[in-house]
Amino acid sequence: MRLRAERARRAGELDRRLARLVGAEPDVALVAVGSHGREELTPGGDVDLVLLHRGRPDIAALAERVWYPIWDSGLRLDHSVRTPAQAREVAREDLKAVLGLISARHVAGDPDLTREVRETVLAGWRSDARRRLPELREMTRARWSDSGELAFLLEPDLKESRGGLRDVHAIQAVAAAWVAPAPSARVKDAYALLLDVRHALHETTGRAADRLVLQEQGAVAEALGLLDAEALLRTVVEAARTVTFAVDHMWRSVDRFCSPSGRPVRRPLADGVVEHDSEVVLARGADAGGDPTLVLRAAAAAAQAGLPLAISTVERLARETPPMPVPWPAEARDALVTLLGAGPPAIGVWEALDQVGLIERLMPDWERVRNRPQRNPVHTFTVDRHLVETAARAAAHTRDVARPDLLLVGALLHDIGKGWPGDHARTGAVMARDLGERLGFDTGDVRVLEAVVRHHLLLPETATRRDLDDPVTIETVAETVGDPVVLETLAALAVADGQATGPAAWSPWKAGLVAELTRRVAAVLAGAPPPVAPEPTPEQLALARHGGGSVRVVGSRITVVAPDRPGLLWQAAGVLALHRLAVRGARTVSWGRGAEGPTALLEFLAVPEYGSGPDPAALEVDLRRVLAGRLDVEKRLERRARSYRPRKGVPVPPPRVTMIDDASATATVVEVRAHDRPGLLWRVGHVLGTFGLQVRAARVETLGAEAVDVFYVVDAEGRPVTDEDLRASVRAGVLDVVR
């Protein structure tokens with residue numbers, strides 16, 4: 001309320017100053033448009049003014065008398081001078097101009113002149129709506145494409161992003177054309193909240209900025225009396241989703257207005273549910289108050305038909321639907337599965353139910369994750385939206401599993417524990433058990449749901465952070481999963497979860513590793529022995545005959561064969577880093593004990609940081625140079641690393657180094673979590689080498705800007721590292737180079 005009163009006060013003071021500047025001049029009117037016209041002028045906002053006149057010859061001098069004091073006061077001024085005819089003409093041709101003029105507010109001078117121009121422009125806007133509204137829609141789509149979705153950005157643009165202030169202005173403009181209703185009370189409240197955030201952002205930074213960047217969020221939260229930056233983002237998300245839901249409905253109304261299809265289609269979709277005019281509504285005889293399953297039946301029918309639920313229908317269901325019996329009847333559970341099984345069309349339908357509070361009534365635990373932001377660049381969505389996105393993507397894999405219903409519900413619940421402190425997988429498993437019982441699943445199915453949520457990260461984390469050729473890896477996963485149904489459900493969920501998280505969380509490389517791990521574990525569950533590490537292929541053995549170091553590149557797989565020596569893996573990794581290759585995995589095999597000593601085979605999974613793949617010949621040249629001691633990898637990598645420092649203001653958690661003994665029977669696993677930078681694998685390997693350790697295999701995963709690197713190391717005698725002093729020194733040394 002303080003900020004709203006401040007905006008009104010600022011507008012009033014400015015109006016009085018402007019009135020004194022204009023005075024009682026005849027045939028002149030000063031009108032405010034934009035934020036000042038709406039009396040929403042924030043500290044960094046522009047003052048948008050139009051000086052109207054009826055052909056005054058001295059209008060230029062009068063304009064200067066008004067504009068110069070505004071400039072001198074330090075305010076940013078956007079101004080124009082128009083006759084009524086000129087105002088009408090520019091409104092016919094310039095979309096931004098007409099949007100300002102239809103909401104123009106009289107400030108000073110002749111009010112009849114303001115009224116005349118405003119009414120004429122409004123009449124033209126309404127009569128030409130079928131031409132102008134598609135133009136407004138294209139401008140809106142371009143803005144969304146440039147600025148993203150406000151509800152799901154870590155640093156959103158409060159004004160331009162989808163769900164932001166501009167979208168409410170669009171709703172107001174369409175309402176002025178008499179094509180759709182004016183913003184509802186909920187939308188007005190959401191708009192006022194976003195405007196308060198923008199006001200606080202301007203106030204705390206002293207700048208005219210609309211992007212809520214990370215380093216400013218704490219101060220803005222404090223200015224608004226909120227607990228912290230996360231509370232601020234959650235509030236912004238709530239408001240943005242309210243606006244997004246309303247603006248999407250508004251554009252559907254515009255589509256119907258601009259492309260009338262004659263008599264509306266009406267056809268039955270389910271018991272008590274029909275399609276009407278490209279929306280899903282309740283049938284005339286539907287009893288919402290006596291049928292608790294109707295809400296899910298209507299939602300499932302809408303999603304399966306690829307149609308939205310009408311707002312009036314959603315609001316009626318929210319008013320009249322009685323509580324769902326617990327446990328749910330089979331019809332309700334089947335309708336939920338049918339809804340989720342529709343795939344992407346289920347997302348909009350779920351959002352409609354969520355906007356009126358129906359999801360929390362059906363699943364009370366949903367409140368804990370609703371609108372909860374995930375403050376890292378890996379996740380695209382809030383927790384609740386991520387769950388729905390994952391379920392929608394899991395629908396594409398229902399043919400791959402024995403129990404598609406458990407896959408879809410497991411996907412919907414896999415991160416439900418993020419609403420509580422602690423390990424979200426453990427907490428979520430307990431919640432999944434309770435929710436499974438609430439939904440009416442039998443005891444065996446509830447156990448599967450609990451296991452799926454508890455272990456939903458098992459396959460992707462193991463595949464990217466453990467050596468799949470180590471029998472202990474496969475045996476451990478098989479023992480943990482214990483059931484082929486759980487395994488195949490986890491495999492499908494891993495794909496859906498990764499895709500729904502964002503591009504940084506899923507890739508063909510990761511998908512291949514998860515698929516290979518799943519195949520090997522399935523074989524063990526079927527009774528086969530754990531696989532052994534593959535022997536070198538004839539092609540790889542042929543590389544050894546070149547001597548001195550040979551390189552072969554096939555897609556993302558890079559094979560290096562060279563005389564074995566301590567530190568060979570990390571030296572080769574340094575060469576790859578110099579060639580701007582991001583290493584995702586590495587494995588080394590040594591064989592032969594002839595006169596020339598053993599030969600090492602190094603297999604890397606590596607992808608270009610950008611552009612095309614590497615030149616094998618250039619890689620081979622640099623590899624031979626580093627083996628001969630004629631290439632200073634450290635100096636060149638350090639030069640590159642300076643340009644990769646974290647951006648100021650973005651919090652970077654401290655690195656962590658963990659030594660794990662039970663992940664392998666033949667090596668010690670060193671897990672390094674740190675901010676990613678070029679040559680990280682080389683730096684860690686270098687430290688390990690200085691302590692006399694050999695890297696037998698490595699897995700490297702980058703999640704956004706964070707690296708999770710895993711090294712299988714042995715001592716000089718090829719055994720796991722057990723000396724506690726050595727372990728402590730290794731840990732300290734690695735921490736030193738990754739800080």
Side-chain angles (χ1 to χ4, degrees), residues 1-19 29-52 66-67 69-71 73-80 82 87 91 94-108 114 117-118 121 136 139-140 143 147 150 156-161 163-176 182-183 187-212 220 223-224 236 239-240 243 247:
M1 293 298 293
R2 176 187 69 83
L3 297 182
R4 298 176 203 183
E6 172 65 15
R7 291 192 291 273
R9 184 191 64 77
R10 289 168 56 86
E13 286 184 357
L14 184 55
D15 284 355
R16 288 188 288 274
R17 290 172 57 194
L18 292 169
L30 185 65
V31 299
V33 297
S35 59
H36 183 45
R38 295 184 296 271
E39 297 183 285
E40 298 168 354
L41 190 60
T42 56
D46 294 348
V47 177
D48 297 329
L49 298 172
V50 180
L51 186 61
L52 300 172
V66 176
W67 306 150
I70 301 299
W71 281 323
S73 70
L75 292 173
R76 298 194 309 172
L77 176 64
D78 188 358
H79 61 85
S80 60
R82 311 270 189 232
D94 188 325
L95 184 60
K96 291 183 179 179
V98 71
L99 293 176
L101 288 170
I102 61 177
S103 59
R105 181 174 60 83
H106 180 75
V107 174
T114 300
V117 169
R118 189 171 183 273
V121 169
L136 176 60
M139 186 172 75
T140 300
R143 172 168 54 78
S147 301
L150 176 55
D157 188 312
L158 298 165
K159 193 173 184 180
E160 305 291 345
S161 295
L165 298 169
R166 288 278 193 217
D167 280 339
V168 181
H169 302 161
I171 296 173
Q172 292 167 336
V174 173
V187 173
K188 289 178 180 177
D189 288 344
Y191 179 80
L193 183 281
L194 294 176
L195 198 58
D196 283 351
V197 175
R198 182 174 185 247
H199 189 139
L201 179 62
H202 290 182
E203 199 171 62
T204 57
T205 63
R207 301 191 307 274
D210 294 321
R211 187 170 297 282
L212 187 61
V220 172
L224 293 172
V236 169
V243 172
V247 80

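In plain terms, the two heavy atoms of Gly164 and Leu150 that are nearest each other are CA-CD2, 3.7 Å. Taking each heavy atom of Ser147 and Ser161 in turn, the nearest pair found is O-OG, 3.0 Å. In this structure, Ala87 and Val117 approach most closely via the heavy-atom pair CB-CG1, 3.8 Å. Here the closest heavy-atom approach between residue Thr204 and residue Ala223 is recorded as CG2-CB, 3.9 Å. For Pro183 against Gln172, the heavy-atom pair with the smallest separation is CG-CG, 3.8 Å. When all heavy atoms are compared, the tightest approach of Asp48 to Gly34 is OD2-CA, 3.8 Å.
Remark: Glu40 engages Arg38 in a salt bridge (charged side-chain N to carboxylate O under 4.0 Å, His left out) (not counting sequence neighbours). Applying the side-chain contact (heavy atoms from CB on, under 4.5 Å) test to Leu14 and every residue at least two apart in sequence or in another chain returns Arg17, Leu18, His36, Leu41, Val47, Ile70, Leu75. Checked against side-chain contact (heavy atoms from CB on, under 4.5 Å), Ala108 has the following partners two or more places apart in sequence or in another chain: Ala19, Val22, Leu30. Not counting sequence neighbours, the partners of His106 by the side-chain contact (heavy atoms from CB on, under 4.5 Å) test are Ala29, Pro111, Thr114. In terms of the salt bridge (charged side-chain N to carboxylate O under 4.0 Å, His left out) criterion, residue partners of Arg7 (sequence neighbours excluded) are, by chain and number, Asp196. Asp189 meets the side-chain hydrogen bond (donor to acceptor under 3.5 Å, both in side chains) test with no other residue; sequence neighbours excluded. Legend: residues meeting salt bridge (charged side-chain N to carboxylate O under 4.0 Å, His left out) with Arg166, ordered by chain and number and at least two apart, are Glu160. Checked against salt bridge (charged side-chain N to carboxylate O under 4.0 Å, His left out), Arg9 has the following partners two or more places apart in sequence or in another chain: Glu6, Glu13. Checked against side-chain hydrogen bond (donor to acceptor under 3.5 Å, both in side chains), Arg76 has the following partners two or more places apart in sequence or in another chain: Asp46. Under the ring pair (Phe, Tyr, Trp, His ring centres under 6.0 Å) criterion, His169 pairs with Tyr191, not counting sequence neighbours. Considering only residues two or more places apart in sequence or on other chains, Ala173 meets the side-chain contact (heavy atoms from CB on, under 4.5 Å) condition with Leu99, Ile102, Trp125, Leu136.
If you run side-chain contact (heavy atoms from CB on, under 4.5 Å) between Val31 and each of Leu52, Leu51, Val107, only Leu52 comes through. When each of Leu194, Leu224, Leu3 is checked for a side-chain contact (heavy atoms from CB on, under 4.5 Å) with His199, only Leu3 meets the rule.
Atom OG1 of Thr42 is separated from atom NE2 of His202 by 4.5 Å, given to the nearest 0.5 angstrom. Considering CZ of Arg211 and OG1 of Thr205, their distance stands at 14.0 Å, rounded to 0.5 Å.
With a 4.5 Å cut-off on side-chain heavy atoms, Leu201 and Arg207 do not count as touching.
Judged by distance alone, the side chain of Ser80 and the main-chain N or O of Val50 form no donor-acceptor pair under 3.5 Å.
The stretch residues 94-107 participates, sequence neighbours left out, in these salt bridge (charged side-chain N to carboxylate O under 4.0 Å, His left out) pairs: Asp15-Arg105.
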